[in-house]
Amino acid sequence: MDNLLLYLLVISMAVKAQICPKRCICQILSPNLATLCAKKGLLFVPPNIDRHTVELRLGDNFVTSIKRKDFANMTRLVDLTLSRNTISFITPHAFTDLENLRALHLNSNRLTRISNDTFSGMSKLHHLILNNNQLTDIYIGAFNDLLALEELDLSYNNLETIPWEAIQRMTSLHTLSLDHNMIDYIPEGTFSLLQKLNRLDVTSNKLQKLPPDPLFQRAQVLATSGIMSSTSFALSFGGNPLHCNCELLWLRRLSREDDLETCATPAHLTGRYFWSVPEEEFLCEPPLITRYTQELSVLEGQRVTLRCKARGDPEPAIHWISPDGKLVSNSSRVLVYNNGTLDILISTVKDTGAFTCISSNPAGEAHQTVDLLIIKLPHFTNSTNTMQEPDPGSSDISTSTKFGANTTNHTGDTRASHDKRVAVAEVTSSSALIKFNFQRNIPGIRMFQIQYNGTYDDSLVYR
Ligand SMILES: *[C@@H]1O[C@H](CO)[C@@H](O)[C@H](O)[C@H]1NC(C)=O
Ligand SMILES: *[C@@H]1O[C@H](CO)[C@@H](O)[C@H](O)[C@H]1NC(C)=O
Ligand SMILES: *[C@@H]1O[C@H](CO)[C@@H](O)[C@H](O)[C@H]1NC(C)=O
Ligand SMILES: *[C@@H]1O[C@H](CO)[C@@H](O)[C@H](O)[C@H]1NC(C)=O
Ligand SMILES: *[C@@H]1O[C@H](CO)[C@@H](O)[C@H](O)[C@H]1NC(C)=O
Ligand SMILES: *[C@@H]1O[C@H](CO)[C@@H](O)[C@H](O)[C@H]1NC(C)=O
Ligand SMILES: *[C@@H]1O[C@H](CO)[C@@H](O)[C@H](O)[C@H]1NC(C)=O
Ligand SMILES: *[C@@H]1O[C@H](CO)[C@@H](O)[C@H](O)[C@H]1NC(C)=O
């Protein structure tokens with residue numbers, strides 16, 4: 001009898017130890033297994049969790065990091081709760097084996113970033129709850145595989161932006177919570193494919209505007225009553241510094257109950273209730289070019305900076321048209337900046353002509369031309385060859401002080417005189433020593449210009 005009791009005890013202990021970690025409760029709700037370890041003072045994920053568990057609750061513990069082995073082989077897991085721990089680090093691919101996971105609760109932890117391989121491969125995940133962390137950085141590819149997501153909660157973090165392109169592809173999404181972050185921009189078209197979206201919360205961010213989207217036509221901005229029909233769409237956007245100009249007119253025109261959103265700008269609407277400002281006051285201002293470069297003459301090869309500044313509401317975009325009528329874009333020689341500055345790093349004679357600055361916004365357009373004259377310099381060919389010649393005295397480097405004057409004869413002059421005023425020595429593939437051997441000062445010399453062919457991009461370079 002004693003033997004039998006002992007035997008039973010051993011059996012039951014063995015079974016218990018095998019399937020249920022210490023302090024946890026394991027419920028077999030045939031055929032499913034739930035492992036319940038909430039509020040057990042755990043410092044890490046117990047290693048001996050039954051790999052067949054379907055539900056795993058680890059909330060309200062003190063877990064600080066998630067390791068690769070923690071959830072290895074848990075292919076049956078459907079619901080994982082890690083809420084209210086102190087998790088600050090998730091090892092890459094820690095969730096990789098969770099191929100059936102539907103819900104992942106990671107809210108109220110200390111995560112600061114989500115990298116590309118944190119949620120990679122989780123194509124069946126429906127609910128991803130990440131609110132109340134300290135997220136500042138979600139990598140651009142971090143949500144690429146989460147195509148089945150129905151609910152995404154990123155509220156109460158420090159996010160300035162999120163991977164909008166991945167959001168755009170989450171066509172099953174019905175709830176998107178982005179409130180209480182620092183988001184200042186939502187790209188147009190983000191929601192256009194999200195036919196199932198019925199709740200979007202962007203409350204308390206730094207948005208000055210929302211992108212118009214057909215989806216919002218169903219909007220019935222979440223009012224205090226909060227009751228919605230299945231086809232309606234709840235949009236909350238209070239607590240943002242709304243810029244109430246013509247770009248927000250579409251939003252103002254949505255029929256809805258009053259709420260407490262206010263305008264932050266323009267100055268004359270500051271503090272006014274969004275829904276009480278009449279439509280006629282949502283105004284834009286066409287661009288006005290306020291400052292621009294007057295006509296400019298520059299030596300060939302020099303850097304040229306053309307500036308153009310405009311004001312308007314919304315902030316006008318500035319584009320440049322080159323003398324031959326083409327829109328100027330970035331190249332190895334030319335940079336155009338958003339602030340209206342056009343930088344020609346190495347000018348050529350072909351840049352001579354009228355550049356046009358075009359400033360535009362939804363309210364209109366303004367033009368201004370800037371005349372640019374590039375003064376031609378004497379051009380010498382095959383200077384590289386000359387430098388490789390044994391006698392550096394035959395260098396064709398000009399010592400002329402008059403640029404753009406009678407150019408055709410300088411080569412002849414220098415060649416003829418053979419006075420070795422300029423000598424090139426120590427030539428290597430990337431450097432050369434250039435010496436100016438003047439017996440006496442030549443009056444009027446203010447600068448030397450060195451012209452050489454760079455093999456890097458095969459263009460003439462001036463210094
Ligand atoms: C997962 O399964 C593999 C192979 O079946 C095994 O080698 C490994 O030890 C398992 N890992 C864990 C943490 O159970
Ligand atoms: C993350 O993935 C995106 C594309 O999916 C890629 O462009 C980016 O460079 C990746 N970032 C890192 C740090 O690997
Ligand atoms: C051109 O390049 C500059 C510097 O890399 C960048 O700041 C600017 O935004 C670019 N312009 C365009 C139109 O891409
Ligand atoms: C425009 O931006 C460029 C690059 O950031 C800067 O070098 C330039 O000084 C700016 N120009 C003006 C007029 O602010
Ligand atoms: C360089 O110039 C010399 C004389 O001016 C000429 O004979 C030679 O063919 C030129 N070489 C090249 C590569 O142009
Ligand atoms: C040097 O550059 C000029 C102008 O681009 C070109 O005409 C000449 O053939 C080049 N010479 C060599 C040796 O590459
Ligand atoms: C250039 O030189 C030629 C003859 O050497 C002369 O006839 C002509 O006037 C000069 N041109 C200039 C712009 O000095
Ligand atoms: C260049 O100068 C030489 C002598 O210095 C002179 O003989 C020749 O006529 C000049 N050529 C031109 C085109 O001016």
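These values consider heavy atoms only, across backbone and side chains, with no hydrogens, waters or symmetry-generated copies. Just so you know, ligand 1 is whichever comes first in the structure, and atom 1 is the first atom listed for that ligand.
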Heavy atom of the protein closest to atom 8 (C) of ligand 3 (residue, atom name, distance) | Val336 O, 3.5 Å
Do any N or O atoms from the side chain of Arg76 and from the backbone of Met74 form a donor-acceptor pair under 3.5 angstrom?
-> no
Check the side chains of Thr265 and His243 for a donor-acceptor pair under 3.5 angstrom, ignoring hydrogens and angles.
-> yes
Salt bridge present between Arg252 and Glu279 (N-O < 4.0 angstrom) = no
Any N or O on Thr341 sitting closer than 3.5 Å to an N or O of ligand 4?
-> yes
Does Asn144 reach ligand 2 with a nitrogen or oxygen that is under 3.5 Å from one of the ligand's nitrogen or oxygen atoms?
-> yes
Do any non-hydrogen protein atoms sit less than 4.0 Å from atom 2 (O) of ligand 3?
-> yes
Thinking salt bridges, do Arg102 and Asp79 make one under a 4.0 Å N-O criterion?
-> no
Atom 10 (C) of ligand 3 [closest protein heavy-atom partner, distance rounded to 0.1 Å] = Asn330 ND2, 2.5 Å
Can a donor-acceptor pair be found between the side chains of Asn158 and Thr136 at a distance below 3.5 Å?
-> no
Under 3.5 Å between some N or O of ligand 4 and some N or O of Asn339?
-> yes
What atoms in ligand 4 come closer than 4.0 Å to a heavy atom of Arg307?
-> 13 (C)
Output the list of atoms in ligand 2 that are nearer than 4.0 Å to some heavy atom of Tyr139, sorted by atom number.
-> 13 (C)
Name the orientation class of the two ring planes belonging to Phe95 and Phe71 (parallel below 30°, tilted from 30 to 60°, perpendicular beyond 60°).
-> parallel
Does the Thr53 side chain pair with the main chain of Leu33, one donor and one acceptor, at a distance under 3.5 Å?
-> yes
What protein heavy atom sits nearest atom 9 (O) of ligand 2, and how far away is it?
-> Asn116 ND2, 4.8 Å
Nearest-neighbour protein heavy atom for atom 7 (O) of ligand 2, which is reported as residue plus atom name and distance = Ile140 CG2, 4.0 Å
According to the interplanar angle, ranging from 0 to 90°, do the rings of His180 and Tyr156 count as parallel (below 30°), tilted (30 to 60°) or perpendicular (above 60°)?
-> parallel
Output the list of atoms in ligand 3 that are nearer than 4.0 Å to some heavy atom of Tyr337, sorted by atom number.
-> 3 (C), 4 (C), 7 (O)
Protein heavy-atom contact under 4.0 Å for atom 14 (O) of ligand 4?
-> yes
Hey, is Arg307 close enough to Asp343 for a salt bridge, meaning N to O under 4.0 Å?
-> no
Does an N or O anywhere in Leu335 fall below 3.5 Å from an N or O of ligand 3?
-> no
